[in-house]
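See below for the structure under consideration.
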Amino acid sequence: MEKKYILSLDQGTTSSRAILFNKEAKIVGFAQKEFSQIYPQPGWVEHDAVEIWGSVAGVVGELLAKTGVKAVEIAAIGITNQRETTVVWDKETGEPVANAVVWQCRRTAAICDDLKEKGLEAEFRSRTGLLLDAYFSGTKIKWLLDNVPGARKKAEAGRLLFGTIDTWLIWKLTGGKVHVTDYSNASRTLIYNIHYLKWDDVLLEHLDIPASMLPEVRGSSEIYGYTDAGGIFNRKIAIAGAAGDQQAALFGQTCLESGMAKNTYGTGCFMLMHTGDKPVTSKNGLLTTIAWGINGRVQYALEGSIFVAGAAIQWLRDGLKLIDAAPDSQYFADKVEDSAGVYVVPAFTGLGAPYWDMYARGAIFGLTRGTTKDHIIRATLESLAYQTKDVLRAMETDSAIKLKALRVDGGAAANDLLMQFQANLLGVNVERPQVLETTASGAAYLAGLAVGFWQPQELDKKWIADASFAPDMDQETRDKLYDGWKKAVNRTMGWAK
Ligand SMILES: Nc1ncnc2c1ncn2[C@@H]1O[C@H](COP(=O)(O)OP(=O)(O)O)[C@@H](O)[C@H]1O
Ligand SMILES: O=P(O)(O)OC[C@H](O)CO
């Protein structure tokens, strides 16, 4: 039977999606399932890796059932995933030794402080492009080995495996045969040397992590293995692409040349700028990361990671119960002309780029007797744009590139009011493509290229604009608004120390 489709598996922080793309790179089928968020203590976040696998298997089944597409028609599978989230499992039984420690989890803040006190931050930074923050996998692996009874002993005996979610899914899909990751995911672990392209023995020693646990690092677009013929597809399909979700979105937005940038407005907000063949070191709180590696050529990006973006809108919905659904935020925000001096700083899990303060906490500023629910909703939406501006300023300084336009995607990019405010605040055009599932597109492209389903020169033409938002604000207003934001952020810093 003719191979007509590429299947993307997008395993995100709050849900798993299976998306089918046809030859024109159009979405022809979609299934999504949320899974449990586990908060055992304030600041801790866990996922059950077995439940995650169940949700992926579930969405695959649902997608094939509702589209009537047969596994035999799928040319290849691309995997993209929430990054950094850490799974450690037993090689023999396949059982995780504990719940996965999620990227948002702050439990290893003290381990990071300890490493900083030992003066090791510069060494971690220069080798990995990252910094000492609880966000990355390295300290999470150490925590699991130190705190799960018996784990360290088993790891030292070579019985445990580590993986980010891509690795875990590939291992499950291949029936426990293949233990790999790709360059982009490896570059988020804090133990991978992004210059020499290998696991870094010195850093492994600082964190006391046995190298035997680590997956083999492969290209982002190549065949890693085949689905288990006795597994969820009931036949062998090539698993041919993998990338962390933010790098996949950069690829899906076809930001394939140096100087192109995208911002994804999902649970968090992640802005990545392609910087070409050489890593650019940030002096302004950004991360240097691997964008992807294809046919032995590794490309780099600068990244600004914002921990809470769409999650702040979820907080309006679930925590404050001010709205029934995320899109309602636009309706209420539109009822007022501006936020009337109110600023919401959603530093619920500390602050990421460019501040990197694990102890910052959220706050609302500028309340007066006239403040209404609408102002608070509007200010919460605006906080996504302010955080993005912080990151873009750092990026332009580090790269010496003045951005002409910002490509956007992710759930909250559907919000026109937010996109217009973003363009106003940045003073650059904000461009939204028709397909907002660019993360899944990116993973599909990577897999499709590896099996010859698409050719590299076709990709650019697949980016089609849906809307473009041009700046419509004078510089004085822009500066005044942003000054207020900077003042507000400063007051949240160090709060939980
Ligand atoms: N119209 C909207 N306006 C503002 N925020 C939205 C809107 N639609 C979705 N969101 C937010 O976007 C996020 C979902 O985006 P998505 O890209 O699916 O995230 P993720 O992949 O991180 O789970 C949620 O946090 C939600 O609150
Ligand atoms: O799952 P998302 O879309 O919230 O992305 C999470 C990031 O990969 C964390 O680094």
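Start at 1 and go down the list; that is how both ligands and their atoms are numbered. Given the structure is predicted, the values throughout are model-derived calculations rather than measurements.
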Thr267: numbered ligand 2 atoms lying under 4.0 Å from its heavy atoms: 4 (O)

With heavy-atom distances below 4.0 Å as the criterion, list the atoms of ligand 2 near Glu84. 9 (C), 10 (O)

I want to know if ligand 2 touches Arg188 in the polar sense, i.e. an N/O pair below 3.5 angstrom. no

Just distances here: any N/O of Gly411 and N/O of ligand 1 closer than 3.5 Å? yes

Would you say Gly12 touches ligand 2, if touching means a heavy atom closer than 4.0 Å? yes

We want to know whether His47 and Gln37 form a side-chain donor-acceptor pair, criterion being a heavy-atom distance below 3.5 angstrom. yes

Between Ala412 and ligand 1, find which residue part has any heavy-atom pair under 4.0 Å and reply side chain, backbone, both or neither. both

Does either side chain, that of Arg188 or that of Tyr135, offer a donor lying less than 3.5 Å from an acceptor on the other one? yes

Using a 4.0 Å cut-off to any heavy atom of Gln82, which atoms of ligand 2 qualify? 1 (O), 8 (O)

For Ser468 and Asn429, does a side-chain donor sit closer than 3.5 Å to a side-chain acceptor? no

Considering Thr80, Thr85, Asp245, which one's heavy-atom position lies nearest to atom 2 (P) of ligand 2? Asp245

So for Gln32 against ligand 1, with non-hydrogen atoms under 4.0 Å, the contacting part is neither

Using a heavy-atom cut-off of under 4.0 Å, does the side chain or the backbone of Ser15 touch ligand 1, or both, or neither? neither

Which residue supplies the protein heavy atom nearest to atom 20 (P) of ligand 1, what is that atom called, and how far is it? Thr267 OG1, 3.5 Å

Please could you name the atoms of ligand 1 that Thr14 approaches to less than 4.0 Å, counting only its heavy atoms? 23 (O)

